[in-house]
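For ligands, and for the atoms within them, numbers begin at 1 and follow the listed sequence.
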Amino acid sequence: MEARITGVGSYTPERRVTNDELAQTLDTSDEWIRSHTGIRARHIAAPNEAASDLGAIASARALEASGVGPGEIDLILLATSTPDYQGLPSTASVVQDRLGCENAGAMDLVAACTGFVYGLETAHAYTRAGLARHVLVVGAEVYSRIVDWSDRSTCILFGDGAGACVVSAAEGEGRGIVDSVLKSRGSDAESLYRPRGGTRSPLPAGERADRDTYLKMDGRRVYVFAVSVLVDIIRRLLERNNLSIDEVDYIVPHQANMRIIEAAAKRADIPLEKFYTNLQEYANTSAASIPIALDEMNRAELLHPGSTVLTIGFGAGLAYGGNLIRW
Ligand code: ACO
């Protein structure tokens with residue numbers, strides 16, 4: 001039994017914020033952001049849009065593309081670190097209701113920017129084991145609500161968006177999710193986190209949110225980690241599956257920073273053209289970045305049945321990993 005991707009969809013909010021627009025209220029410039037990250041713009045959710053709103057639109061598009069009806073979905077896995085509500089209920093349950101997936105179980109999956117990679121592998125396991133016929137895997141994020149808009153070293157990096165795939169059990173054409181590697185380096189958890197607001201450091205009633213309620217990052221540390229694990233996961237997936245890089249059509253890395261991708265390409269001696277990027281337009285949308293890229297590539301007809309794709313995620317956790325997909 002294979003775990004095949006039968007439909008993909010995405011949604012990014014209408015409002016597009018350029019670097020120049022950010023520079024009107026922040027001590028930064030288009031030149032700095034572009035030269036240090038490659039980012040030119042990001043899309044920002046409207047005040048009434050939460051993660052489930054973005055996720056539901058992307059999911060409806062993925063369902064339509066797959067031809068699978070909402071009632072046929074057995075499980076919804078929604079990867080997010082910016083849920084509608086703090087911990088309960090799950091954003092997956094909100095999306096389940098919105099789509100009318102009345103026969104589906106629903107749960108959130110928290111692995112930050114690696115969430116979609118973890119979700120695909122979980123869907124792979126469920127379908128291969130015969131426990132689900134159709135799994136909806138969603139990445140949906142609204143980082144604009146958790147970044148400190150006065151911290152120029154982090155807020156310029158992120159954007160909002162959602163992407164989704166339907167993973168379906170199918171018989172033997174050699175297509176689908178072939179292999180995955182999932183890893184975590186929890187010893188570095190505090191190099192990218194939200195110090196306050198969780199059960200370790202709650203925000204008491206009546207107390208105002210302070211800067212520690214927002215995302216904090218040791219950018220240098222995360223940069224060094226990201227370059228090394230990008231190279232490591234590509235090598236592992238190639239070696240485990242007896243593949244040469246020439247047999248891979250595209251690498252779809254988490255869209256964090258062009259400099260991370262360039263450094264990894266150089267270190268692994270892989271032509272930069274093999275890496276698909278769209279962070280220029282959307283910035284870092286965390287768990288949504290890989291499925292948004294897959295949807296864009298699919299619509300641009302870059303992916304064909306049998307195309308070989310590596311997806312590589314890395315981020316808070318520090319979690320990382322990758323999937324080998326035969327499209
Ligand atoms: N505009 C202008 N100047 C800036 C800005 C800005 N937006 N941000 C930082 N600077 C300044 C700093 O203040 C510093 O000034 P100083 O030398 O006077 O002190 C200078 O630029 C250099 O700062 P660095 O932090 O050393 O800049 P660096 O080249 O390392 O780039 C960056 C910073 C882009 C954050 C980089 O470290 C990086 O990409 N790290 C990885 C981050 C990442 O991708 N995280 C997401 C992971 S995914 C997830 O799970 C969410």
Side-chain angles (χ1 to χ4, degrees), residues 17-42 51 79-83 109-119 139-161 182-186 188-195 214-231 233 252-264 275 277-280 282-293 311-322:
V17 176
T18 61
N19 295 340
D20 280 331
E21 186 177 341
L22 286 186
Q24 288 170 16
T25 51
L26 199 65
D27 183 14
T28 189
S29 65
D30 178 52
E31 198 285 323
W32 194 97
I33 299 173
R34 266 209 240 185
S35 60
H36 285 73
T37 70
I39 295 164
R40 292 161 189 252
R42 70 282 298 137
T80 188
S81 35
T82 50
L109 201 158
V110 186
C113 303
T114 319
F116 196 80
V117 167
Y118 272 63
E141 303 279 19
V142 188
Y143 265 58
S144 61
R145 303 266 156 74
I146 66 157
V147 294
D148 177 352
W149 284 103
S150 66
D151 175 9
R152 66 178 183 173
S153 68
T154 54
C155 72
I156 53 118
L157 297 170
F158 296 97
D160 302 334
L182 306 182
K183 295 271 174 196
S184 167
R185 190 186 294 173
D188 276 338
E190 293 188 357
S191 51
L192 177 45
Y193 74 137
R194 293 174 71 188
Y214 297 105
L215 177 150
K216 269 206 164 153
M217 179 173 68
D218 180 339
R220 287 257 150 208
R221 206 177 171 104
V222 175
Y223 180 94
V224 171
F225 157 80
V227 174
S228 81
V229 301
L230 233 174
V231 174
I233 296 296
V252 184
H254 168 48
Q255 307 285 314
N257 181 332
M258 202 56 212
R259 279 178 33 188
I260 291 173
I261 296 165
E262 284 166 355
F275 292 80
T277 62
N278 63 8
L279 60 89
Q280 297 81 356
Y282 302 114
N284 179 347
T285 56
S286 194
S289 86
I290 289 173
I292 291 173
T311 58
I312 316 286
F314 50 84
L318 297 172
Y320 59 107

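Below 4.0 Å from some heavy atom of Asn284 lie the following atoms of ligand 1, by number and element: 46 (C), 48 (S). Taking every heavy atom of Leu192 and a limit of under 4.0 angstrom, the matching atoms of ligand 1 come to 47 (C), 49 (C), 50 (O), 51 (C). Each of the atoms 48 (S), 49 (C), 50 (O), 51 (C) of ligand 1 lies under 4.0 Å from some heavy atom of Cys113. Interface atoms of ligand 1 facing Phe158, defined by a heavy-atom separation under 4.0 Å, are 51 (C). Ligand-side atoms of ligand 1 in range of Ala256: 44 (O), range being under 4.0 angstrom from any heavy atom. Here is the list of ligand 1 atoms found below 4.0 Å of a heavy atom in Ala316: 49 (C), 50 (O). Taking a cut-off of under 4.0 Å to the non-hydrogen atoms of Gly315, the atoms of ligand 1 that pass are 48 (S), 49 (C), 50 (O).
If you check which protein heavy atom lies closest to atom 32 (C) of ligand 1, you get Asn257 ND2, 4.6 Å. Closest to atom 10 (N) of ligand 1, if we only count protein heavy atoms, is Trp32 CZ2, 3.4 Å. The shortest contact between atom 45 (N) of ligand 1 and any protein heavy atom is with Met217 SD, 3.1 Å. At the shortest separation from atom 12 (C) of ligand 1 among protein heavy atoms lies Arg152 NH2, 3.8 Å. In terms of protein heavy-atom proximity, atom 1 (N) of ligand 1 is closest to Thr28 OG1, 2.7 Å. Annotation: atom 29 (O) of ligand 1 to nearest protein heavy atom, His36 CD2, 3.2 Å. Summary of contacts: the protein heavy atom closest to atom 41 (C) of ligand 1 is Gly219 O, 3.5 Å. Protein heavy atom closest to atom 24 (P) of ligand 1, with residue, atom name and distance, is Arg220 NH2, 4.5 Å.
Taking a distance limit of 4.0 Å, we find that atom 50 (O) of ligand 1 is approached by some protein heavy atom. For atom 4 (C) of ligand 1, the nearest protein heavy atom is under 4.0 Å away. For atom 17 (O) of ligand 1, no protein heavy-atom neighbour is found at a distance under 4.0 Å.
Taking the side chain as every heavy atom from C-beta outward, Val229 and Leu318 never approach each other to under 4.5 Å. Thr28 has its side chain within reach of Ile33: a pair of non-hydrogen atoms, C-beta onward, lies under 4.5 Å apart. A heavy-atom distance below 4.5 Å is not found between the side chains of Thr285 and Asp160. Residues Ile292 and Tyr282 meet the side-chain proximity criterion, which asks for heavy atoms closer than 4.5 Å. In this structure the side chain of Leu22 reaches within 4.5 angstrom of the side chain of Trp149, judged on heavy atoms.
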Before giving the answer on side chain to side chain donor-acceptor pair (under 3.5 Å), spell out for Arg42 and Asn284 the whole-Å C-alpha distance, their side-chain angles and the decisive distance to 0.1 Å. CA-CA 8 Å; Arg42 70 282 298 137; Asn284 179 347; over 6 Å; no
Please step through side chain to side chain donor-acceptor pair (under 3.5 Å) for the pair Ser81 and Tyr143, ending with a clear verdict. CA-CA 8 Å; Ser81 35; Tyr143 265 58; 2.7 Å; yes
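In this pair, His254 and Phe314 present their aromatic rings perpendicular. The plane angle is above 60°, beyond the 30 to 60° band.
No hydrogens or angles considered: nothing links the side chains of Asp188 and Ser191 as a donor-acceptor pair under 3.5 Å. No side-chain donor from either of Ser289 and Gln255 sits under 3.5 Å from a side-chain acceptor of the other.
In terms of modelled atom types and a separation under 3.5 Å, the side chain of Thr18 and the main chain of Glu21 share a donor-acceptor contact.
For Phe225, the CZ atom is densely surrounded, since the number of other residues' heavy atoms within 6.0 Å is greater than 12.
At a 4.0 Å cut-off, at least one heavy atom of Ile260 sits close enough to ligand 1 to count as contact.
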